[in-house]
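No hydrogens, no waters, no symmetry mates; every other heavy atom, side chains included, goes into these values. Everything numeric here is computed off the predicted structure, so don't read it as measured data.
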Amino acid sequence: MMEEEKKELLIKLGLSEEQAEWYLQYDNDIWAVVPTFRLLKPLNDNLEFYRGGYRKWLERQQAEGMLEKRIPEAAQMLEAGVPAEVIERFAYDLVLETYEALLYQLDDRGGAEVDDVFLDEIFDKCSYGKLCEMDADGEPTGRYLFEVHGKIPFSDL
């Protein structure tokens, strides 16, 4: 795939032209930039739902009388006078924090978080998982996905 094709794909995935160009400078024999953003796109889309879409969903569920059954805590907050925008922002922050924590752990090849808990163990002798690019046949290419934590939301890049 040529550089311009990669740039077009990144733009279609949701990055600006400038962001796409900036990240592509790191695409090389070790790092796989396009597969990184391909992995993150569904997560980013889900996260973006919590910027406007969740509030509307809450209000619709409340109007239909379904919110108490689906998310009783949100129904209680609305009944107590908490604006839907505040609930939405709270939900957004929780989802973002969760995604970042998960992606950080997927990126943590050194096992720092594990080493902190098990001080008597030498985890550098243990194997670990890694996120890597797969080719069209499902075979690993040897290129790692590019620092997945901190890359969502795309709108904050």
Side-chain angles (χ1 to χ4, degrees), residues 1 6-28 30-62 66-78 82-118 123-124 126-136 138-157:
M1 185 179 297
K6 291 178 184 178
K7 184 170 113 178
E8 287 177 25
L9 277 176
L10 288 175
I11 292 169
K12 286 179 183 176
L13 288 172
L15 277 67
S16 71
E17 182 174 352
E18 294 78 23
Q19 292 164 339
E21 290 171 355
W22 191 84
Y23 279 110
L24 282 173
Q25 71 182 328
Y26 297 101
D27 194 59
N28 58 36
I30 299 169
W31 304 115
V33 173
V34 173
T36 297
F37 286 98
R38 180 181 178 199
L39 168 76
L40 295 175
K41 173 72 164 120
L43 299 176
N44 186 73
D45 290 349
N46 179 263
L47 179 62
E48 289 298 332
F49 167 73
Y50 292 91
R51 285 188 177 167
Y54 189 66
R55 176 183 45 81
K56 293 173 188 170
W57 181 86
L58 285 174
E59 292 167 346
R60 189 172 55 252
Q61 292 296 307
Q62 185 181 36
M66 295 298 296
L67 190 58
E68 183 64 42
K69 293 178 187 172
R70 308 261 334 248
I71 308 177
E73 297 84 359
Q76 291 171 0
M77 287 188 272
L78 287 170
V82 178
E85 294 83 9
V86 172
I87 298 170
E88 177 181 66
R89 182 61 196 191
F90 179 66
Y92 175 87
D93 289 341
L94 287 176
V95 171
L96 177 59
E97 189 171 323
T98 301
Y99 280 165
E100 286 178 345
L102 174 64
L103 293 169
Y104 176 78
Q105 290 305 313
L106 291 173
D107 252 358
D108 184 23
R109 292 183 185 87
E113 299 295 328
V114 174
D115 288 342
D116 292 346
V117 177
F118 300 100
F123 279 97
D124 59 353
C126 295
S127 57
Y128 54 86
K130 63 181 178 181
L131 295 173
C132 66
E133 176 185 45
M134 308 294 274
D135 64 20
E139 296 297 320
T141 66
R143 298 188 332 150
Y144 295 110
L145 298 197
F146 181 66
E147 297 178 352
V148 293
H149 70 282
K151 287 193 168 49
I152 58 172
F154 293 175
S155 57
D156 286 355
L157 292 179

Quiz item: Should the ring pair Tyr26 and Phe146 be called parallel, tilted or perpendicular, given that the plane angle runs from 0 to 90° and is split at 30 and 60?
Solution: parallel
For the residue pair Trp57 and Tyr54, does the interplanar ring angle fall in the parallel (under 30°), tilted (30 to 60°) or perpendicular (over 60°) class? parallel
With sequence neighbours left out, what residues match [X] under salt bridge (Lys or Arg N to Asp or Glu O under 4.0 Å)?
{"X": "Asp156", "result": "Arg51"}
{"X": "Lys41", "result": "Asp45"}
{"X": "Glu17", "result": "Lys7"}
{"X": "Glu59", "result": "Arg55"}

Might you point out which heavy atoms bring [X] and [Y] nearest each other, and give the distance in Å?
{"X": "Thr36", "Y": "Val148", "result": "CG2-CG1, 3.8 Å"}
{"X": "Leu78", "Y": "Pro83", "result": "CD2-C, 4.4 Å"}
{"X": "Ser155", "Y": "Glu48", "result": "OG-OE2, 3.2 Å"}
{"X": "Ala74", "Y": "Leu58", "result": "CB-CD2, 3.9 Å"}
{"X": "Ala32", "Y": "Asp27", "result": "CA-OD1, 3.6 Å"}
{"X": "Pro153", "Y": "Asn44", "result": "CA-OD1, 3.1 Å"}

Any side-chain heavy-atom pair from Ile71 and Gln61 closer than 4.5 angstrom?
no
Hits for side chain to side chain donor-acceptor pair (under 3.5 Å) against Gln62, two or more places apart or cross-chain, chain-then-number order -> none
Across all chains, not counting sequence neighbours, the side chain to side chain donor-acceptor pair (under 3.5 Å) partners of Arg60 are none
